[in-house]
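Let me begin by presenting the structure, written as structure tokens, before commenting on it.
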Amino acid sequence: MATGTAACRSFAIAGTGAIRPPPPARRGTLGWLRANLFATPLDGAVTLALAAAIAWLAPKALAWAVLDAVWWAPDGRACRDAAGACWAVITEKHRLILFGTYPYAEQWRGALVVLLFVAMLAASAGPWLAARAKLWGWAATALAILVLMLGGVPGLEPVGTHLWGGLPLTIVIFIGTVAGGMPLAVLLALARQSELPILRALAVGVIEVVRGLPLLAVLFVASLIFPLFVPVELQIDKLLRAEIGMIIFFGAYAAEIVRGGLQAVAAGQREAAAALGLGYWPRTRLVVLPQALATVVPPLLGDVIRAFKNTTYVAILGLFDVLGATKVALDDPAWSRHAAEAYLFIFLLYLVFCLAFSRWGMAVERRLARRRRG
Amino acid sequence: MTGRTPPWRSAGVRATAYQLAVVAVLIGVAAWMTDTARHAMQERGIASGFDFLLDRAGFAIGHAFFAFSPDESYLRAFVVGVGNTLVVAAASLVAASLLGLAVGLARLSGNWLLARIAGLYVELFRNTPMLVQIVFWYTLCTLMPAPRQAWSLFDLAFASNRGLLLPWPERAGVFAVAGCLVVLGAGLVPPLYRWVDRLRRRGRRPRAVGGLALAALLAPAVLWWAAAGFPTAWSVPRLRGFNFAGGLALSPEFLALFLGLSCYIAAFVAEIVRAGILSVGRGQIEAAETIGLARGDLYRKVVFPQAMRVIVPPLAAQYISLVKNSSLGVAIGYPDLFSVTNTVLTLSGNTIEAIAIMALVYLTLALAIGFLADLANRAVRIRER
């Protein structure tokens with residue numbers, strides 16, 4: 001052993017030190033607590049502070065929302081002296097909030113629309129339907145929803161669009177936005193990638209201007225300026241004008257996502273299709289688009305969720321979607337003091353739908369990742 | 001015998017023809033629509049053009065940060081609207097960034113409880129419409145007690161159904177400039193650190209670097225404050241009769257829009273920050289730890305520069321979205337650009353001109369943020385050597 005020479009120093013521990021304790025256990029309840037809640041003194045302090053805040057807030061929240069809450073008060077008087085929430089505003093006004101000014105006797109049609117939408121959403125969330133089946137299913141659902149809402153066929157009373165409201169109206173606007181916006185997005189993206197300079201310039205102009213404006217401004221242009229530019233005979237109704245604004249806004253945003261997908265398709269794919277003698281449209285439809293769209297499904301679903309949230313903007317135009325109908329319900333002086341409870345209710349309503357969409361998006365992302373790994 | 005390709009089968013000719021057709025149709029539709037609009041305007045007796053801007057506005061703008069009387073012009077109303085939009089957007093932008101950064105880091109924390117609460121925040125605020133949130137905040141603001149029963153903090157700040165009242169420097173202008181100078185000072189910090197790094201590479205050991213950085217950050221602002229004569233007077237809100245006087249008054253409309261914009265955008269910023277930090281390879285951090293980099297240096301030199309490349313582009317998109325969505329103030333009566341435009345076009349009848357001005361301002365703001373983001377992007381991109 002050459003411990004003494006400077007040329008060869010050893011860093012090994014020599015001799016026997018005190019026996020050190022084993023490292024703290026990382027398994028078991030105690031180990032988990034130590035690793036995840038009390039890893040350092042600061043961590044412990046944060047945990048204790050948060051736990052204290054929760055212990056202080058939770059009983060108050062529970063008392064307000066459940067124990068002291070009033071669930072039933074036909075004229076709102078029982079709510080006046082209540083210490084807790086007044087959920088009676090929902091029990092009393094739920095028909096107005098959920099269906100707006102749709103004729104009371106016909107509101108079962110609105111309920112059926114919501115059911116159809118939720119059922120179709122659930123059916124297309126899983127892997128059990130082919131893409132083509134989903135597409136046809138949605139087309140059939142959209143048609144059924146339109147027929148149910150409009151009526152005018154034997155057995156269904158016709159109902160004008162000015163009477164539509166509540167959740168069914170939100171769903172109609174949402175489906176219309178996506179159904180009209182997706183083709184527009186694809187066309188705009190193709191035009192922006194096209195070799196024709198004028199077409200390309202037009203697409204760039206539309207996309208950039210619309211993306212630079214607030215949705216509210218686009219909706220105002222569609223509903224206030226558009227009517228000035230067309231003669232009286234060609235005027236279309238308020239709902240349709242709002243829908244056009246929503247479609248253009250969605251289309252401009254989704255076009256940029258689709259463009260990303262188009263750029264991800266290898267040039268060889270296009271060239272191979274051209275070499276086989278396929279023209280522009282068959283080539284695009286059969287080779288380019290299927291690959292381009294498959295890669296951008298997750299970000300597109302992000303835009304779809306935003307489109308659902310953006311349906312609330314039509315309330316500002318004076319349409320009675322869920323938010324607009326809730327505002328109308330709260331105009332009743334007997335209930336206007338309980339606006340917070342009503343808004344909390346629709347907050348939860350939107351939350352349920354958007355969470356469902358976002359979970360669906362995550363599932364799609366996982367499935368795509370698995371397929372890419374092969 | 002080889003026949004020549006007839007012109008209608010040549011790709012070039014066809015492309016030109018298609019494009020000419022599109023242009024012709026667009027020009028035709030535009031001409032027809034303009035003609036219709038001109039007739040409609042003439043029938044209603046509305047003079048087109050921008051002359052109306054100098055007419056007397058005849059409406060008041062309440063709860064504003066900028067004074068406006070009905071005797072002033074439409075043009076001045078637009079200026080006030082733009083000012084209000086800028087104030088609420090700037091305040092929300094700062095708040096959303098800080099809150100988003102905090103929530104994003106909290107979601108990555110090893111503390112299970114903290115990470116869960118941050119996750120809950122993101123899910124709640126990201127998955128509900130911003131407009132519903134704004135209206136909800138506004139409802140909460142109006143449910144606050146009346147000024148006489150206002151909640152107070154040491155009798156300095158008050159919260160009531162008239163909004164929030166805060167103590168405010170008498171000479172706020174001095175402090176506003178000082179704030180800008182702090183931003184300028186922040187620009188001095190990175191060169192300072194680069195200089196310190198150069199010294200260290202030469203084997204020198206500069207001391208008190210942190211103090212020096214703090215001095216660089218604050219020196220311009222403090223100098224300016226000293227030049228202004230150390231103004232320290234504060235205006236504190238006091239209850240006079242049924243309302244408050246003095247201090248800075250933030251109306252319920254401003255608060256609701258500010259809270260709605262900040263909380264909603266913060267949820268998205270949190271996700272962007274989280275994705276940015278997660279994008280830095282585990283190996284990078286382990287390598288930095290192996291060569292013995294201190295915790296602060298690890299974040300400053302390894303994690304932050306690489307995360308910023310992922311963070312900047314989507315963050316800019318969120319900032320643009322924030323500015324555009326400040327137009328939702330119209331739903332609760334905050335007099336922002338959109339809501340002023342709405343009033344102007346109703347009163348003057350010059351719908352097209354008013355909307356054109358509004359669109360131009362929003363486009364300019366979006367372009368300006370895009371330009372700044374581009375500069376930031378260039379500063380943080382990978383420099384190939």
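If you're wondering where the values come from, they're calculated on a predicted model, not measured in any experiment. Order of the sequence lines fixes the chain letters, A, B, ..., with proteins taken first and strands second; residue numbering starts at 1 for each chain. Below, each value reflects all heavy atoms present in this structure, side chains not excepted, and no hydrogens, waters or symmetry copies.
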So what's closer than 4.5 Å to chain A heavy atoms on B/F125: side chain, backbone, both or neither? neither
So which atom in B/L113 and which in A/L37 form the shortest heavy-atom distance, rounded to 0.1 Å? N-CD2, 3.7 Å
Ignoring hydrogens, what is the shortest heavy-atom contact between A/A340 and B/F136? Give both atom names and the distance. O-CE1, 3.6 Å
Using non-hydrogen atoms and a 4.5 Å limit, figure out which bit of B/A37 sits close to chain A: side chain, backbone, both or neither. both
So what's closer than 4.5 Å to chain A heavy atoms on B/I352: side chain, backbone, both or neither? both
Nearest-0.5 Å distance, CD1 of residue B/I355 to CD1 of residue A/I225: 4.0 Å
Identify which of B/Y138, B/F338, B/Y362, B/W32 forms the greatest number of heavy-atom pairs closer than 4.5 Å to chain A. B/F338
If I take atom CG from residue A/N36 and atom CZ from residue B/R116, how far apart are they, to the nearest 0.5 angstrom? 10.0 Å
Heavy-atom pair with the smallest gap, counting every atom of A/G212 and B/K324: O-CD, 3.6 Å
Looking at B/T36, B/L140, B/N127, which has the largest count of heavy-atom pairs under 4.5 Å with chain A? B/N127
side-chain contact (heavy atoms from CB on, under 4.5 Å) between B/I117 and A/I54, intermediate numbers included: CA-CA 10 Å; B/I117 290 176; A/I54 292 173; 4.1 Å; yes
Shorter than 4.5 Å, heavy atoms on both sides: which option in B/T351, B/T16, B/T364, B/L143 has the most such pairs with chain A? B/T351
So, the part of A/R211 with a heavy atom under 4.5 Å from chain B: the answer is backbone
Let me know if B/L365 has heavy atoms under 4.5 Å from chain A in its side chain, its backbone, both or neither. neither
Applying a strict 4.5 Å limit to non-hydrogen atoms, the region of A/L215 in contact with chain B is neither
Nearest heavy-atom contact between B/M33 and A/F229 is O-CD2, 3.2 Å
Smallest separation among heavy atoms of A/K327 and B/V135, with atom names: CE-CG2, 4.5 Å
Measure distances from A/T47 to the heavy atoms of chain B and classify the residue's part below 4.5 Å as side chain, backbone, both or neither. both
Heavy-atom distances under 4.5 Å only: say whether A/L323 touches chain B with side chain, backbone, both or neither. side chain
Top contributor to chain A interface from B/L345, B/T142, B/N342 [non-hydrogen pairs under 4.5 Å]: B/N342
Let me know if A/Y313 has heavy atoms under 4.5 Å from chain B in its side chain, its backbone, both or neither. both
Under 4.5 Å from a heavy atom of chain B, the part of A/L330 involved: neither
Residue part contacting chain A, namely of B/L363, when any heavy atom lies under 4.5 Å: both
Quick one: does B/N111's side chain have a donor or acceptor within less than 3.5 Å of a partner on A/D43's backbone? yes
Below 4.5 Å from any heavy atom of chain A, which atoms of B/I369 appear? Answer side chain, backbone, both or neither. neither
Nearest 0.5 Å please: distance from the OG1 atom of A/T312 over to the CE atom of B/M130. 10.0 Å
By a 4.5 Å heavy-atom criterion (distance strictly below it), what part of B/L20 contacts chain A: side chain, backbone, both, or neither? neither
Checking heavy atoms, do the side chain of A/P197, its backbone, both or neither come under 4.5 Å from chain B? both
Would you check if A/F347 and B/Q133 make a side-chain contact, meaning some heavy-atom pair closer than 4.5 Å? yes
Which one wins on heavy-atom pair count under 4.5 Å against chain A: B/S321, B/A15, B/G110, B/A366? B/G110
To the nearest 0.5 Å, tell me how far A/L355 CG sits from B/R126 CZ. 9.0 Å
Contact origin within B/V361 toward chain A - heavy atom pairs under 4.5 Å: neither
At a 4.5 Å cut-off on heavy atoms, which part of A/I316 comes close to chain B: side chain, backbone, both, or neither? side chain
What part of A/Y253 is in contact with chain B, defined as an atom under 4.5 angstrom from a non-hydrogen atom: side chain, backbone, both or neither? side chain
